A.B. asks: 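One structure coming up, written as structure tokens, with questions to follow.
Hydrogens, waters and symmetry mates play no part in the numbers below; they use all other heavy atoms, side chains included. A note on names: the letters A, B, ... follow the listed sequences, proteins ahead of strands, and every chain is numbered from 1. In this text the structure is predicted, and so the values were computed from the model without any measurement.
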Amino acid sequence: MATFFGEVVVAPSRAGLDEEEEAPEETPEDREIRREIEKKRIFCGSFPREVDVLWTWRSGGGAEEPLVCSKFIVAIGRNASAFLSSFILDSVCWEVVGVVKLWNEWCRTSSTTNVLPTDSFCLFYRLISDPTVLLCQCSCYVAEDQQFQWLEKVFGSMQKEGLQVTILSTCPVADYKTQESTLTLASPFLKALKTKEFQEQVCCPLLEQPNIVRDLPAA
Amino acid sequence: MFIPCDRGGGSAAPDFKGFTLLMPAVSVGNVGQLAIDLVISTLDMTKVGYFYTDCLVPMVGNNPYATAEENSTELSINAEVYSLPSKKLVVLQIRSPFIKNKYRPFCETLLSWVKSSKCARVVLLSSSHAYQRDDEQLLGTPLRYLLTPDLEKAVGGRMQELNWKEMEKVAAYPGINDTDKVLHIPGGGITKLLFTESCSNGIQMAVLLKFCSEGDNIPDAFVLVNYLNEWLQLIKSEVSTSNSSTDLSSQWKIPSSWRLLFGNGLPPALF
């Protein structure tokens, strides 16, 4: 594509295209170079993109029993996490049972469970009076290539029969697609998406077409 | 990778033996995906399953082909499979971009699914950057096709009858050496990879693509889906009496999810 000044640039695309198809076949020298670079990155403190889920009751060795869980509430993003901190969580009724450790270009979480509200963290809590009720506060950003891993590792530790999952998340009003302008909408407002299996009453209207949800809440 | 929908009553997994798999490449202007939306919406295809994959950005929404209150609450995700047994057609729709470094794993898994489900052939709808055309390609039709050698034997003659144009190869080292020609599909996403893999794996695949640019790609989608229809005859073309050309654009049904593609309504305070 030629710009106004006559230079030729690659046109950006909504389809999010990578020029991956142009990558030529690797020679043995290329592989060697790549291996050295990887080694250097880890040595210099660049972390690989692994997602680690650490549960407090597990010693980490051998086959572990899946957690029996009846209700799992996941709050994704700072607003939803703050909602849980303000209205639900307290140190009397809830105990920390797990933490997610990950790193990406936007944030890094650690394995500490003593966090400040302004930190990026992803913690799991269990209701002391009913240990099958689990809660997750995820205020860190989980990158695209880590979302599937997060999903598999978290849900992989749980027994899924009879499990009810509730996901709390927020989106900017400006992203909401509607016939009228979003300026005139009474915000904030709630919308929901539910699976066929969810038979209970939903407390708010369902999300209308053509709106969609993406990233970790979608995963 | 493929998870069939639970239709209740212990129904068996769907059988795609001998079917044509129609799918889009996530490519410039999303033309392939828009064209697939038109096919699914017009033929009122039934969802039969989805792909559980880590290769695509996750997304979820309510049924994009909803026509009424009753059918608007079924969840829909980024890679779903629809089928129309009466036309032996199975359609894969992809609704989000690929995650970095996941092109190859997706292509490999997809092609192995194609083989295991015994689909007869694959038709890939795609597009390519219009600004990368050479002087000759700027003239004439913006539509091209490609066939793997196995499919060439079966339908190559039909393409000649339809007077279709095959995608030209370009010089591997332009300006230096014009004899080495390679296939180059800029902006085509996984098109070239899927095509070359199909050639080496003996899979019958056809690629139908249109040269286009980013913008309002709805007209491009109509052109591409009409091109597809010339060959597969998915909908009947009614010859209108007023003009001799068979204009099918009005016969494709636009899905409800295409509303508000370019933003919300305007705030009245603007005027």
Side-chain angles (χ1 to χ4, degrees), chain A residues 1-2 8-24 49 142-152 167 169 173-185 191-198 202 205-219, chain B residues 6 25-30 33 53-55 57-66 72-78 95-104 127 129 131-132 184-193 213-214 217 255-261 263-270:
Chain A
M1 182 179 81
V8 177
V9 296
V10 175
S13 172
R14 268 192 322 253
L17 299 174
D18 248 344
E19 282 313 307
E20 213 179 302
E21 51 145 324
E22 301 303 332
R49 297 178 76 86
V142 181
E144 272 173 10
D145 55 324
Q146 295 171 319
Q147 286 159 12
F148 196 82
Q149 251 196 88
W150 189 101
L151 189 69
E152 294 268 286
I167 302 163
S169 169
V173 173
D175 283 349
Y176 181 65
K177 304 236 186 335
T178 174
Q179 202 62 39
E180 319 92 50
S181 150
T182 47
L183 274 182
T184 51
L185 278 179
K191 291 288 176 192
L193 282 174
K194 65 172 195 70
T195 60
K196 275 201 299 278
E197 287 78 10
F198 185 83
V202 182
L206 292 180
L207 188 64
E208 309 86 352
Q209 290 80 351
N211 294 286
I212 59 167
V213 174
R214 50 173 70 94
D215 293 327
L216 193 60
Chain B
D6 178 23
V26 179
S27 55
V28 59
N30 306 101
Q33 296 160 285
T53 173
D54 61 341
C55 302
V57 174
M59 57 75 51
V60 66
N62 275 322
N63 183 8
Y65 310 112
S72 70
T73 58
E74 193 180 340
L75 284 187
S76 207
I77 60 165
N78 56 9
R95 299 197 174 95
S96 60
F98 282 93
I99 290 176
K100 203 168 161 54
N101 299 325
K102 294 289 190 180
Y103 277 37
R104 194 166 276 278
S127 53
H129 283 306
Y131 72 90
Q132 293 248 19
H184 184 51
I185 310 177
I190 58 170
T191 307
K192 181 176 159 184
L193 183 59
S213 304
E214 292 284 347
N217 299 104
S256 55
S257 54
W258 283 20
R259 285 177 57 232
L260 305 172
L261 272 177
N264 296 338
L266 297 166
L270 197 63

A.B. asks: Over all heavy atoms of both residues, which pair between L206(A) and T73(B) is shortest? Give the atoms and the distance, please.
C.D. replies: CD1-CG2, 3.2 Å

A.B. asks: Pick from A66(B), S72(B), P255(B), S76(B): which one has the most heavy-atom pairs with chain A under 4.5 Å?
C.D. replies: S72(B)

A.B. asks: Could you check which of N62(B), N63(B), V57(B), T53(B) has the highest count of heavy-atom pairs closer than 4.5 Å to chain A?
C.D. replies: N62(B)

A.B. asks: Under 4.5 Å from any heavy atom of chain B, what part of E152(A) do you find: side chain, backbone, both or neither?
C.D. replies: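 Looking at E152(A), just its side chain touches chain B.
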
A.B. asks: Heavy-atom pairs under 4.5 Å with chain B are the metric here; pick the option from K194(A), K196(A), K177(A) that has the most.
C.D. replies: K177(A)

A.B. asks: Heavy-atom distances under 4.5 Å only: say whether N78(B) touches chain A with side chain, backbone, both or neither.
C.D. replies: neither

A.B. asks: Is there a donor-acceptor pair under 3.5 Å between the side chain of N264(B) and the backbone N or O of T178(A)?
C.D. replies: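 Such a contact is found between N264(B) side chain and T178(A) backbone.
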
A.B. asks: Identify the heavy atoms of L260(B) and Q179(A) that sit nearest to each other, and give their distance.
C.D. replies: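 Heavy atoms of L260(B) and Q179(A) come nearest at CD1-N, 3.9 Å.
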
A.B. asks: Could you give the distance from CD (E208(A)) to CZ (R259(B)), rounded to the nearest 0.5 Å?
C.D. replies: 8.5 Å

A.B. asks: Can you tell me which of N211(A), L151(A), D215(A) forms the most heavy-atom pairs within a distance under 4.5 Å of chain B?
C.D. replies: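 Heavy-atom pair counts peak at D215(A).
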
A.B. asks: Give, as side chain, backbone, both or neither, the part of T191(B) having an atom under 4.5 angstrom from any heavy atom of chain A.
C.D. replies: neither

A.B. asks: Please classify the contact between Q147(A) and chain B as side chain, backbone, both or neither, with a heavy-atom cut-off of under 4.5 Å.
C.D. replies: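 Contact with chain B is through the side chain of Q147(A) alone.
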
